[in-house]
Structures are given as structure tokens and as C-alpha cells.
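Report on the structure given below.
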Amino acid sequence: MTLPFFKYQGTGNDFVMMDDRAHQFDEHNHTLVRHLCDRRRGIGADGLILLRQHPEYDFEMVYFNADGYLGSMCGNGGRCTVAFARQLGVIKTETTFLAADGPHKARIDADGTVHLRMQDVLGQQEVENCGVFLDTGSPHLVRFQPASTLAELNVVAEGRAIRYNDRFREKGTNVNFVEAPAIPGQPWQVRTYERGVEDETLSCGTGVTAVALAASRRGAASPVHLRTPGGDLRVTFEGHPDGTFTNVYLSGPATRVFEGKVEA
């Protein structure tokens, strides 16, 4: 079987994208998904995304982690899917689509920046000896680091220890390590260990969203600028006295890298 595909990336978070409007891809074939995402034997990606038709929305985004299994919401993947939908002619500059955590609105600027509305966030929870836990469509633990320690941090070892500890082992969590800007106005530095990938990724959209909201308790005001190893992102939001966040938007680039066909 020959599968046409496209490769997209959003600040270094990369995805195999497939036009599955005919619903032909077997989403239960975990081995195939793992193979396609394998960086040595397959195409190579942090995840695989199917764009499917949906009767009530412009399209549906179906996201798989690199481990081969269906994942929760992926912010950078969502932005890339919006750009992919425009490439296919499914949308123009604005859209409402369905993802794992529900419907999302998005728009694309002339320069290719995708603004993705995230779900409202109901609050955040302090986790003893770990950090701040939030659900931004995917579960995230945010741990603030002392100044000038992030660059040398072993993100895989530290992230894996938290992801598999007694608190998070059953369902897992993504883990974000954060360094506050030395000068106000500069970006917050973020590195992320992603469950499902089980490694550090160059960027995580739901992760930087969680960081921005957690940072608001440390004086960060919307818009929050964030720098990942793969590039810069921006998060805007409205915070409320009860601890909830609404009108949350993740903004950044989404770029087509190449296209091709693969035998599967």
C-alpha cells in the first residue's frame, strides 16, 4: 500500500500529516503509526495527524503520538493541521475544527502565523516537590528552574522521573521545565519532556500554554512570549479571580517541510 503524506513542523515539533477525508487509514494499526514516526526506519516525526471530514465542523484532527497510540490535544499539531487544511483547500483563513479535547477555532495570518484557540483552563494545582499541574487539552506539570540552570538540565532523565512517579505513572503527564526571563519583556525559556514521545521535543504547544498560565501567578501578563529550543511562541489569555483562564490563544508558525509517498 502506498500512502501519500506531508511533513509539517511548528517550532520544531514535527508531524506526518495525511489527508484521510476518505477515512481509509486504519487508526488501530499502532505498528504502522510507530513505523511512520520512526526517525531511522520511517519518515520521522513527533506524531502523526489525520485530517478527516466531519459533518459538524470544517474538519476533524486525529492525533497519534509517536508510540503509535491516539493522543490528547496537541497545540503545535493543531496549528499545523490548520495550515494543512488551508493547503488542501478545506478552509481559507478561519476555521472551526474538532480535536481530541473538543472544538477549536483558529485563523491564519498572511505571514503564515496560526492563532489557535485553546480550551478554557479551570485552574492549576500545586504538586508537592514537583511543580504546578494544569490541563490545557493535555496534562502538563510545570516546574520553574533557578536562573541559568535550564540549558544544562537533563530534561529526559528529570522528565521521565516525574512522568513515571507514583502521582503520574498511571495516566502520565508532560513535564515542562521553565526559566523566567532575566529582563522583563524577554521570553520565558521552556524545555519539555513529552509523554507518548517519551523524550524531549523541540517544542510543545499545550506545554507552553500551560507554562504561560502558570507563569501568570509569578507576574507574567498576557501576552506571554515563550522560547523553546525550536523557536518562539506566544500565548494570550484572560485570567479570572476564581483561577480559571478563558479566551486562551496559542500563536506561532506552522510550516510545510516536504511531501512524498511511503510504502506501508
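Note that these values count all heavy atoms, side chains included, but never hydrogens, waters or copies made by symmetry.
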Please examine the side chains of [Y] and [X], heavy atoms only from C-beta on, and report whether any two atoms are closer than 4.5 Å.
X	Y	result
Val132	Arg143	no
Trp188	Val224	yes
Thr206	Met118	yes
Glu56	Leu98	no
Thr11	Pro253	yes
Ser72	Pro139	yes
Asp166	Tyr164	no
Tyr193	Arg160	yes

Would Arg40 and Asp38 satisfy salt bridge (charged side-chain N to carboxylate O under 4.0 Å, His left out), going step by step from the backbone distance to the final call?
CA-CA 6 Å; Arg40 292 176 176 82; Asp38 191 299; 5.7 Å; no

Output yes when [X] and [Y] qualify as a salt bridge under the 4.0 Å nitrogen-oxygen rule, no when they do not.
X	Y	result
Arg191	Glu179	no
Glu126	Arg217	yes
Asp46	Arg39	yes
Asp67	Arg34	no
Arg167	Glu128	no
Arg86	Glu94	no

Residues Thr95, Asp58; criterion side chain to side chain donor-acceptor pair (under 3.5 Å); working and verdict
CA-CA 7 Å; Thr95 182; Asp58 294 329; 2.8 Å; yes

Return the [atom1] to [atom2] distance between [X] and [Y], rounded to the nearest 0.5 Å.
X	Y	atom1	atom2	answer
Leu141	Arg163	CG	CZ	12.5 Å
Thr149	Gln189	OG1	CD	11.5 Å
Leu202	Asp14	CG	CG	7.5 Å
His225	Gln186	NE2	CD	12.0 Å
Glu27	Tyr69	CD	OH	13.0 Å
Cys80	Phe6	SG	CZ	13.5 Å

Show, in sequence, the C-alpha distance, side-chain angles and deciding distance for His35 and Cys37, and conclude whether the side-chain contact (heavy atoms from CB on, under 4.5 Å) test is met.
CA-CA 5 Å; His35 169 68; Cys37 292; over 6 Å; no

Strictly distance-based, threshold 3.5 Å: is any side-chain N or O of [X] a donor or acceptor partner for the main-chain N or O of [Y]?
X	Y	answer
Arg195	Lys171	yes
Asn65	Gly47	no
Glu198	Gly196	yes

Cluster overlap Ile49 with Ile108, hydrophobic side-chain contacts below 4.5 Å:
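In one cluster: yes.
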
Hydrophobic clustering (ILVMFWY, side-chain heavy atoms < 4.5 Å, transitive) - are Met17 and Met1 grouped together?
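Not linked; separate clusters.
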
Please check if the distance between the ring centroids of [X] and [Y] is under 6.0 Å.
X	Y	result
Phe59	Phe97	yes
His115	Tyr249	no
Phe84	Tyr8	yes
Phe168	Phe133	yes

For side chain to side chain donor-acceptor pair (under 3.5 Å), just list the numbers for His240 and Thr246, CA-CA rounded to whole Å, side-chain angles, deciding distance to a tenth of an Å, and then say yes or no.
CA-CA 8 Å; His240 302 279; Thr246 60; 2.7 Å; yes

Worked verdict on Cys130 versus Val175 for side-chain contact (heavy atoms from CB on, under 4.5 Å)
CA-CA 10 Å; Cys130 280; Val175 186; over 6 Å; no

Could you tell me if Arg218 sits above the aromatic ring of Phe144, with its cationic atom closer than 6.0 Å to the ring centre and no more than 45 degrees from the axis?
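Satisfied, under 6.0 Å and within 45°.
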
Within a reach of under 6.0 Å around CZ of Arg169, are more than 12 heavy atoms found that belong to other residues, nucleotides or ligands?
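Yes, the 6.0 Å shell around CZ holds more than 12 heavy atoms from other groups.
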
Quick check on side-chain contact (heavy atoms from CB on, under 4.5 Å): which of Leu233, Thr228, Val235, Leu226 does Val211 satisfy it with?
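Single pass found, and it is Leu226.
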
Identified side-chain contact (heavy atoms from CB on, under 4.5 Å) counterpart of His104 within the set Leu116, Val82, Thr81, Thr96:
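Going through the options one by one, the only one that passes is Leu116.
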
Decide salt bridge (charged side-chain N to carboxylate O under 4.0 Å, His left out) for Arg256 and Glu259; before the verdict, give the C-alpha distance in whole Å, the side-chain angles of both, and the deciding distance to 0.1 Å.
CA-CA 8 Å; Arg256 184 175 71 174; Glu259 62 182 279; 3.5 Å; yes

The test is side-chain contact (heavy atoms from CB on, under 4.5 Å); show your working for His23 and Arg52 and say whether it passes.
CA-CA 7 Å; His23 288 247; Arg52 287 180 166 173; 3.5 Å; yes

Where do Ser203 and Gln9 land on the side-chain contact (heavy atoms from CB on, under 4.5 Å) test, with the steps shown first?
CA-CA 10 Å; Ser203 178; Gln9 64 90 15; over 6 Å; no

